[in-house]
Every structure is written in structure tokens, then in C-alpha cells.
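Excluded from the calculations below are hydrogen atoms, water molecules and symmetry mates; all remaining heavy atoms, backbone and side chain alike, are included. All chains are named by letter (A, B, ...) in the order of the sequence lines, taking the proteins before the strands, and each is independently numbered beginning at 1. Because the structure is a prediction, the values reported are computed rather than measured.
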Amino acid sequence: MIELPKRFEFKEVDDKWSRVWEEKNLFHAQLNPAKPPYTVVIPPPNVTGILHMGHALNNTLQDIMIRYKRMKGFETCWMPGTDHAGIATQNVVEKQIAKEGKKRQDLGREEFLKRLWAWKKEYGDTIIHQLKKLGSSCDWPRTRFTMDESYSDAVKHVFVSLYKKGFIYRGEYIINWCPRCLTALSDEEAEHRDIQGNLYHIRYPFKDNEKEGVVVATTRPETMLGDTAVAVNPDDERYRSLIGKTLVLPLINREIKIIADAFVDPQFGTGAVKVTPAHDPNDFEMGRRHNLKFINIMHPNAVLNKEAGDFEGSDRFEAREAIIESLREAKYLVKIEPHTHSVGHCYRCHTVIEPYLSKQWFVKMKPLAKPALEAVQDGRIKFYPERWTKVYLNWMDNIRDWCISRQIWWGHRIPVWYCIGEGASQHPCQEPIVSESAPDKCPRCGSTRLQQDEDVLDTWFSSWLWPFATFDWPQVRPGVDDQGPKTNDQRPKTQDQEVKGGKVSDLSYFYPTASLFTAPEIIFFWVARMIMAGFEFMGDIPFKDVYIHGTVRDAQGRKMSKSLGNAIDPLEIINEYGADALRYSLIVNSGQDLFISKEKFEIGRNFANKIWNAARLILMNTTKIEPDFDLAARMQSDGGLDLPSRWIISRFYTTLEKVSQAIEKFRFSEAETLIHEFFWGNFCDWYLEMIKDKWGDTTIQNTAFKILELSLKMIHPFMPFVTEEIFSYLHKEKGALAIQPWPVFTKACVDPKSEESMAVLLELISAIRNARTQWNVKPNDKIQCLFAAKSEKSIDLLRHNAAILKNLSRIGEISITTEFTVPKNAATGLTGNITYAIPLGDLIDVEQEKKRILTQIEEQRKAAESLSKRLQNPQFVEKAPGDVVQKERERLAGLEQKNNELQQAIAHLE
RNA sequence: GGGCGUAUAACUCAGUUGGUUAGAGUAUCGCCUUCACAUGGCGGAAGUCAGAGGUUCGAGUCCUCUUACGCCCACCA
């Protein structure tokens, strides 16, 4: 007998168990060749700030799977860690120092990076702390960061290796450039806003006919100074004959050709486009396709350079006015029409972004994509839900080269050096020196004056190595330092199996990982690239399953974000409702995108409290717990258990099996619904109610206790804290629930007959309860129950257990005599339908009751009519499967039976 | 513009290969606290499964179209 508090006090419990789990180091995976591994790598949260609801969802999903697999007997390794998130983190720190009135240039590279590392320390630690509060059972000693020294080695190694293979090259590229901040911006940093601008129509004259020409339309007329072609759609009848003709660029008098390119939309503007390869991303692509000249007309500060002729020295917007004026005077300006279009602005200073030509590093993606594409096509890697496969394949089919250089300071510095020694510009020293470690001198001219590339690598260029760089690749290389990566069945089975290098490495043991849990928006950025890296560097898939979860939104459907102010902080929920409540509520809502408001977390809080109180009831009433109480044995011995006990045991195992399957199929919300239905709807609402006055029976005690224990195991992956706490009261000696084995599905404990009979009985009880409130049945009134059951066996069971009804006085508050009427041909009876036929006692409202029954009769009649119609249809009988037809026949018979009963009832009322 | 998705009770959503009278939670409305839990119990009401066609003996489920909404990618010369 143990007394527990009335409510689940989650605050102390949450803290206690996250501490205990960590102290006991329960989640640290050992290299254990006797066990199959199950590995998950965390999508490393950005160290930009604290965790949001999306993280809470993402990590809860992973934790459910990991805890489940751990209990299932796998050697589970959930690799935690954080991502340096180059641009994003640099931005937050730049904002921070901006408050001190400084720019990063004021601090200098070294000092600025110190600030970033300080930031990383603070927020990285906070993130890990938050993960622990959430209950995440990560392998904490393995925690990694994408800029750890060994991880950086992996990044450099990869760069050099790809460069040597010819997969990395340096090329020209159009980037977003802020002429005020003098820095490149990523696409994400370019804020696009609709601007009321103008569309300027300008005539470019033919070389051989100054009077005629082609009219082009542009929003940025100043860029015309850099035009090197005019493009039209090859199928455009208006221009087809002009393709290949030469035009003269006004003001500059450069001769340019008319080219044909499918990119041009004949519907837009005049259908002819001026092509400025150095100042527009599309024109850049066209320029490449058609081998056009790239003429840069601006200085980095957007002041026109010498290519601009007379306009040299003026700012881009002044130049626009001046150029329009000149064109107008020279009669080349045809018209100006207002035009709204989207223009990128610098997210910091809101200056209009200039597309600017610059040198960047690229990865050739086509050769890397091939095996990654095939792996998904042939099912070696599966997406859940499956539809994301299409999204992935669609992108991989249209993959483009990856620009990996970034003009920022926070990140992995590009491992490339340039010789700036004497005469470097003249001789081949211009070739970059690509090396994992800093070279002492130029290998070509011997000069020691070398300079490292200023840029850093894209964040994803480190994240794409996450599944194996976290396991110390390339210090440990598969097949070189050990036996190499193994598929599950090839992995060494025993500890002392001889392998090359003397031992099995973590990398070989844990790689490939099992599943990846992530958000849809990074399928391209991250998932696809990890698959490519997996094949390129490990020769194998990085994971087998990819589970894509929904986006967390607020009640209005907006993405949760700090700037919108609609974000709900997971920690706030944990403090107010508990971590279990947060976890449960998030997952139960997680079918697709989640629409979250605070009240939704009450579901989880209430459920945790319900579990707590069920345990409280059981612990208050159990006195003689038999450690060897064996449910399966009891189920098999006849008469060992009463119907409700048989039923609840069977319900548990049925649910267990469904829950296991749901988890395996990544159907987490379904698993929670099943658990809720079983534990609350079956166990608490019925079983515990029924046995309330039978605690003296030790078999009942032990059954309730055992079902509670089993349920705790089943619920643990979803709600680890409350289950762990209760388990510690149940079994002091067994240790943490987190490492208990998952209940074994026992067929002997599944008893469909009992479930069937109980379903009938439950309806019967409901009917009696109903009768009590509706008809004011008095104690000792006699109620006759007419019902039909599927088989004689279940009828026997019912009759045998009819006594239960008498013991339900708490519910019915009446003493009940039951009379069962069994239909002559039981096989044609209807399972699970009960009708109370002869209520005795005073009716509250005869008319109302009559109406109710008449409505029922009408409904029944309609149903029976359509059913008999269907059964009379020869095509149905012929084509439908036999069991369907049989079922329908039984249904009809049941309906008729029920109809009779209702008729009787109404007759009785009159 | 390309790709993907969603539409089921007042709200949030289940509904797995087509086959009982379409389910749950919340909210609402009754009735109920000595007896684990009011973060609770019992019961009621609440649905033209977005609309229109089609396939089928049979459609919430499959196909086509329409409407509305959402996401991702590209683009706005």
C-alpha cells in the first residue's frame, strides 16, 4: 500500500529523471557486437538561439523511436549535436555587436570569431540543456558540433578529395550583393518586397537600318550598358526572322546579336529581352548558354565603372535617370509604363540588392546525384510519408551545381591558398593550392607568400557529412582502419571476431544509420546531400528511412517565428504542463502540419494525470503482489480469470501489437490514439471501475498491477517521465524503466471471444445506465435484456458472467435481474447489438421516449430497406466476396431482430 | 509558371489495399463529487465526407473537372 499525491507533480519528477538518466549514463551506446545497432543522428539544431516548437516535435519523434528500439533490445545510439549555421549565426552576432555600434570589420576577423565562439558556447549549452528537459535520450558523451576539430578535418578532407576528382571548380556566378554593406547576401537574406517601379520600353536599332529595330522592356535601364545580346523566344512568330541579326546598343554603340532562347516569355513586355549577363541571374545563365561576353559595369559600391562610358562615376540610380534622359533625347525611348515587381533588399540596411558577378566555388552535382537517385528509386532508402519520394526525385532530376563558398567569416575556411609571391600573376601560381593543411610554400615557384581564400564554406557543406563525420571519419576510414561499413547482417556478431586493424570501429558498427527525422523544407538542402555524401565517401546509404514531419504553425496557420511573435516556447509549456504533456500533445497532433495553441497541451497534461491516478488507485489497493504472476498461464487455465480480466489482458496485447506496428511504420499519432483508447477508455473507464469492490481478490489485484506495469512500458517512449516515476514505485529493484524490455507480444493472451463478449456486455451496461437516467428505474426493478450473440460460446460466457452486472451497483445503483433471450439460430444473430425491451417503472416522459424509439425504428427500416435491396441485387451476390455477402445477410437479420425488439418496446410503452 | 498537398461535426483531426448505420478529442448542452482522478464520471445533440461528373454490384476512399486554401521551387526582363 503506497500513498501517492492526488496530482502528478511533474516539475520535480521531470527534473529528477533527466538527472538520474544522465548520471547513470543509460543512453550511451557501447560498441556491442552481440546486439544489433540502431542509430539515429539528430538534425543538429542551429546555435542561433534556443529551441522552438519545431525542435520539440522533431526531437520527441526521434526519442519515441529511440526509446522504443532500446526497449526492443537494440544497441541504440542517438547522436546529439549542434550546427554552426554559418550565415544565420553570424547574423545574430552581428546584430548583437551592432547594438554596441560596431560592425564586424571594426572587430577584425579574429576578434569577431571569438565573439561567435562565445555565442556558440552559450547557446550550444542551452540547446543541449533543453533537449534534456524534453526527455531526449541522446548519447550525450558523443555530442558533436559541426566545427569540432575532427569534424573540420572531415570537411577539409572532403573538399580536397572532391577537388582532386575534378568535382569542385571555381567559376563566375551572380550573387546578391549589398552595395552599402559591401557584402554578399544569401537568398534567405534577401528580403523581397513588391515595388512600384516602371517598365521602360527601349528601341535597339538594327545595324543595317537605324530607323527600325527591336523594342525591349526593362525595369533596370541602367544595366543596358552591359548588354551583350537581345533574346527572343525561338517560337515567337514576330521575331523568328530576326534571329541572328545584329543590333546596335544605343549610347554605347556596341554591336549585339539577337539570339533565341526558350527562357523568354513571349507574353511579357515586348517579347524581346535585353541580355545583361553580368548583372542578372537569368541573363547570366543565358550568357553561359550562348557564350556571350560578361561586362561588369559597376564598382562594388554600385557606382558605374569605365565600362559605362559617359556615365562612369555616377551612382546606379542617378545613372538610371540620366540614361532615360539620353535615350529620350535620342528617340530610343518608346514608352514608360508603371510596373509592380519584386525587388530584393538587404535585410540589414534595406538597400536594394544588386546582382553582382563574382568568383565562387562549386560542386558538380550530376555525378554525385546518380547513386543517390537510384537508392531512392529502388527503395534502399524510403521516405515516410511516401509522397515525399516524388518531391525528392523531382529535385534530383533537375539538380544544379552547388555554390559552396560564402563571403562570411563564421564557418569552415576554404582550404585553398593562392600564391601572391613575386610574379604570381604571370606564372601558373595563379592555380589555387588545395590542401588539407596549410602549405609552407608555393609548390610551383617556391614562394612563401601565400594567402588563404577569405571565404568560408556553405553550412550544408559540413552538415552533409553528419551521419559519418560524427563517428570520427576520416580518422577512422572504413576498410582501411577496420573492416569497413557493414550491412546489419554482415556486422560482426561477437566481441572477439578478428577484424583488420584489430577492432571494429564505431563508424563500422553504427553506420549506416537507421532513420532520419526531419522537416520537409530541408529535403534538398540536407537530406539529398547527405545521401550523396554517403555514397561518395562511405560507399553506402547514410540511413534507410527518412521520416518527414509537419511544420508547427500557430492557430491561424502561420509558421511559428520569433519575428511574428506567435511562437510558443516549449520550455514555457514544460513548466506549465510538463514535458510529457508537451510530448504527447505534439505527437497526437502530428499527422500533417500542426496547428498549435496553448490549450492543446491540456490533452497531454490530463492524460499524464490520468495515468498517475490509475497508478495511485492500484498502489493504494494492492497488498499481495506475486512477482511471478503469469498472465499467459492464467489465460490458458480455464476459469482462472473472470471475463473483465480476460478482456483487459486481451485488449492490452491487441493494443500492444498495433502500437508496435504503428511505431515501426512511423505512425506516431496513431500509436498515441491507440494507447489513449486502451488506457483511458478500456482500462480506467471499465476495468478499474468494475473491480473496485473486488480488491480482496488477489488474482484481480495482480492482474490490475500487471496490466499497469505493461502499460507503463508501452507508454514510456511517448511519456517517459510519468511512466518512469510510477515504475519506480512498482519495482524498486528493477532499475530504470527506460532500459526495461518492451513487452513481448503473447498470442496466448489474445482472446477475441472475450473481447467480443465484453463488447456485448459493455453495451448492455450502457443501456442499463441509460435506462436509469431516462426511465427512472428503481432499485429491484426487473429489466429484461434481449440480445443476440454470435456464438453459443460467447453467450455462455455472458451468462456465466452475468453476475458482474449485479456487482455494478455503483454504476447502476440498482439491483438488476438479467434475463437473456437467445435467438434460436445463434449463427444468424447479430453481435454486439443490445436492445433493452421491457423497462419497468415509471417513465419520465412516455411521449418523448416513444418518439425516440419511433425514430430509431424509422432509421432501422431505412437501413434494412437499402440492405435488402443490395442483397436482392444478383450482381452484388455474384461479384462481392463471399464473406461480405455473408456479413450483409447477418446484418439484415440483425436489423430485423432489432426491429422486432423495438416494436415490442413501443408496444410495452402503450 | 513548375511541383506537391489539403478540403470529413462548431473547432482540431483519424478514417491503412473501395465493403456494417463515417469515428475520436476539444467546445457545447443535461445529470453527477465521502468512495484514484472535476486535469474527473455518465449521457445527449451535432456530418449533403467542398461541388459536379465518371468507374463499380457498392465510393469519404479510385479517376476527371470546378472551387477554396496551403506548402516548396523558380521567376517577375
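- A/K598 and A/E576 are joined by a salt bridge, as a carboxylate oxygen and a charged side-chain nitrogen come within less than 4.0 angstrom of each other.
- Close to B/G40, at under 4.0 Å from its OP1 or OP2, lies no side-chain N or O of A/W680.
- A/N609 places no side-chain N or O within 3.5 Å of a backbone atom of A/R605 that could act as its donor or acceptor partner.
- Taking a cutoff of 4.0 Å between a charged side-chain nitrogen and a carboxylate oxygen, A/E354 and A/R220 qualify as a salt bridge.
- Remark: B/U48 base-pairs with no nucleotide in the shown strands. Criterion, Watson-Crick or G-U wobble with two distances under 3.5 Å.
- The P atoms of B/U61 and B/U55 are separated by 15 Å, rounded to the nearest whole Å.
- As rounded to the nearest Å, B/U34 and B/C29 have P atoms that lie 24 Å from one another.
- Between the side chain of A/T270 and the backbone N or O of A/V215 there is at least one donor-acceptor pair closer than 3.5 Å.
- Dashed line: the shortest gap from a side-chain N or O of A/R387 to OP1 or OP2 of B/C4 is not under 4.0 Å.
- The side chain of A/N609 lies closest to B/U39 when the candidates are B/C57, B/U39, B/C76.
- Between the C1' atoms of B/A24 and B/A14, the separation comes to 7 Å (whole Å).
- Checking A/N589 against A/D283, the closest nucleotide of RNA chain B that is more toward the 5' end is the one next to A/N589.
- For A/K610 against B/C37, a side-chain-to-base donor-acceptor contact under 3.5 Å is present.
- B/U26 sits 28 Å from B/G60 when the P atoms are compared, rounded to a whole Å.
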